[in-house]
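Structure first, commentary second.
Not measured: the values here are computed from a predicted model. Within every chain, numbering begins at 1; the chains are lettered A, B, ... in the order of the sequence lines, protein sequences first and strands thereafter.
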Protein chains: 2
Amino acid sequence: MAEKPSRRDQILTAAAELFARHGFHGVGIDDIGAAVGISGPALYRHFRSKDAMLGEMLTSISERLLDGGQARVDAAASADEALRALIGWHVDFALDDPALITVQMRNLANLTDPDRRRVRALQRRYVEVWVETIRRTVPEFDEPTARAAAHAVFGLINSTPHSAHLDRDQMAALLSRMALASLTPVVVTS
Amino acid sequence: MAEKPSRRDQILTAAAELFARHGFHGVGIDDIGAAVGISGPALYRHFRSKDAMLGEMLTSISERLLDGGQARVDAAASADEALRALIGWHVDFALDDPALITVQMRNLANLTDPDRRRVRALQRRYVEVWVETIRRTVPEFDEPTARAAAHAVFGLINSTPHSAHLDRDQMAALLSRMALASLTPVVVTS
DNA sequence: CGGGGAGGTTAGCAGCCGTTTACCTAGTCG
DNA sequence: CGACTAGGTAAACGGCTGCTAACCTCCCCG
């Protein structure tokens with residue numbers, strides 16, 4: 001079933017690609033229209049404004065990340081397994097939607113104030129899932145350290161768009177291994 | 001000696017801060033002027049254009065990164081020490097100039113064509129320094145893998161601006177440990 | 001059959017923003 | 001002392017861009 005994507009979704013994915021490549025302000029309304037075969041102001045039949053596109057894009061990413069991450073953690077049997085599942089989840093997301101990940105990293109500042117608040121709240125909750133999971137497997141990390149470590153792992157995994165030299169599976173394996181290793185630096189070489 | 005910074009440098013650091021926070025297109029010429037106490041078009045006494053500011057900013061970062069990295073590697077006695085030195089160098093840079101690092105990560109696309117070529121060439125050479133160093137300490141990585149790993153480590157270290165919750169020294173220690181651990185995942189738990 | 005909504009189109013406006021211009025000071029130096 | 005320069009100002013211009021307006025055309029459904 002070819003799951004025909006709604007016009008809105010077509011527009012959002014095209015816009016994400018463009019925003020990722022040129023930045024929010026670097027993309028014109030006409031560019032987005034052209035990318036989906038319609039031209040210019042026709043977009044206003046589907047979105048209230050250009051800001052609204054970015055807003056919807058980022059809130060939907062943030063919700064998907066949070067929900068998926070939470071689900072993986074809840075389904076895990078042990079703390080260790082939870083961490084692996086979380087890493088795998090984020091790696092898959094970053095590899096499957098590099099444009100979305102890039103936009104989420106770079107274009108938070110271009111959001112409208114209420115949108116930014118919403119997105120930040122979602123992101124904070126996602127980070128919190130990570131912080132708890134990390135602290136369960138690496139008890140010697142205090143909370144601020146775990147938070148900083150979580151951000152560092154995000155940076156590591158989200159580097160994906162800048163290095164597509166490996167194929168998907170190798171990349172997933174590499175990133176997962178590196179992420180996991182970076183979080184267990186204290187495995188004493190006995 | 002209070003090393004009074006030249007006007008040009010004042011402008012560049014102020015502009016870097018603004019570009020990092022709002023993105024290149026999100027900052028007006030008047031904003032930059034205001035940030036250094038002069039207003040608007042006075043900047044054109046010091047720079048040919050707004051693009052020229054970004055160009056000079058990014059080439060100078062890239063040169064500093066490359067030169068410093070190369071120097072550290074050359075000064076190192078062993079491969080292992082070279083890797084540690086390289087990590088330390090990049091961590092120090094990212095912690096001391098978070099704005100510059102952010103601009104370099106996000107605003108490559110806003111460069112003028114010749115500037116982008118120059119910067120990319122410098123960045124490639126810097127990555128190459130990392131790739132060689134990594135391969136000397138982790139021989140089981142082939143070249144593409146080492147390159148991808150280098151990018152991942154950059155992402156890890158450059159995550160600094162998004163998490164200033166720790167003080168400088170703790171942050172440096174954490175990032176260095178994580179970076180090093182991520183690159184030696186094969187320390188078999190004997 | 002006939003009318004209304006969904007989804008296009010082009011033309012045009014309004015505002016922003018990078019850049020140029022013309023002008024005005026202080027210093028500096030022959 | 002007079003002239004040139006470095007560095008600043010405010011005003012104006014021109015192009016780009018987000019958005020609106022007016023209009024057109026299917027398609028569906030009573």
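What separates CG of A:D51 from P of D:dG18 is a distance of 10 Å, to the nearest Å. Going from atom NZ of B:K50 over to atom P of C:dG18 covers 4 Å, rounded to whole Å. Here the P atom of nucleotide C:dG18 and the CG atom of B:L43 are 10 Å apart, to the nearest Å. Rounded to a whole Å, the OH atom of A:Y44 is 13 Å from the P atom of D:dA21. The distance between atom CZ of A:R48 and atom C1' of D:dC19, rounded to the nearest whole Å, is 14 Å. Per the geometry, CZ belonging to A:F47 stands 19 Å off C1' belonging to D:dT20, to the nearest Å.
Taking every heavy atom of residues 10-23 of chain A and every atom of DNA chain D, no pair lies under 4.0 Å. If you check residues 24-36 of chain B against DNA chain D, you find no residue with a heavy atom closer than 4.0 Å.
Between B:R7 and D:dG8, a side-chain N or O to OP1/OP2 separation shorter than 4.0 Å is present. Between D:dG8 and B:H46, a contact under 4.0 Å exists linking OP1 or OP2 to a side-chain N or O.
Remark: B:R84 engages B:D80 in a salt bridge, criterion side-chain N to carboxylate O under 4.0 Å.
Ring planes of B:H90 and B:F154: parallel class, angle under 30° (limits at 30 and 60°).
Residues A:A20 and A:R106 share a closest heavy-atom pair of O-NH1, 4.0 Å. The minimum heavy-atom distance linking A:A82 with A:R136 is given by the pair CB-NH2, 4.5 Å.
Side-chain contact between A:F24 and A:D51: present, with at least one pair of heavy atoms (C-beta onward) separated by less than 4.5 Å. The shortest distance between side-chain heavy atoms of A:M53 and A:I29 falls below 4.5 Å.
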Ignoring hydrogens and angles, write down the donor-acceptor pairs under 3.5 Å from the side chains of residues 141-152 of chain A, residues two or more places apart or on other chains.
unit_1 : atom_1 : unit_2 : atom_2 : d
A:D142 : OD1    : A:T145 : N      : 3.0
A:D142 : OD1    : A:T145 : OG1    : 2.5
A:E143 : OE2    : A:R147 : NH2    : 2.4
A:R147 : NH1    : A:E128 : OE1    : 3.0
A:R147 : NH1    : A:E128 : OE2    : 3.0

In residues 62-69 of chain A, what donor-acceptor pairs under 3.5 Å come from side-chain atoms, sequence neighbours left out?
unit_1 : atom_1 : unit_2 : atom_2 : d
A:S62  : OG     : A:L58  : O      : 2.8
A:R64  : NH2    : A:D97  : OD2    : 3.2

### Per-nucleotide protein contact string for nucleotides 23-29 of chain C, where B marks a base within reach and S marks sugar-phosphate only (heavy atoms under 4.0 Å, - for neither)
B------
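Side-chain N/O atoms of A:N110 and B:H22 include no donor and acceptor closer than 3.5 Å.
For B:A15, the side-chain contact (heavy atoms from CB on, under 4.5 Å) partners are B:F19, B:I32, B:M57, not counting sequence neighbours.
B:K50 forms no cation-pi arrangement with B:Y44, by the criterion of a distance under 6.0 Å to the ring centre and an angle within 45° of the ring axis.
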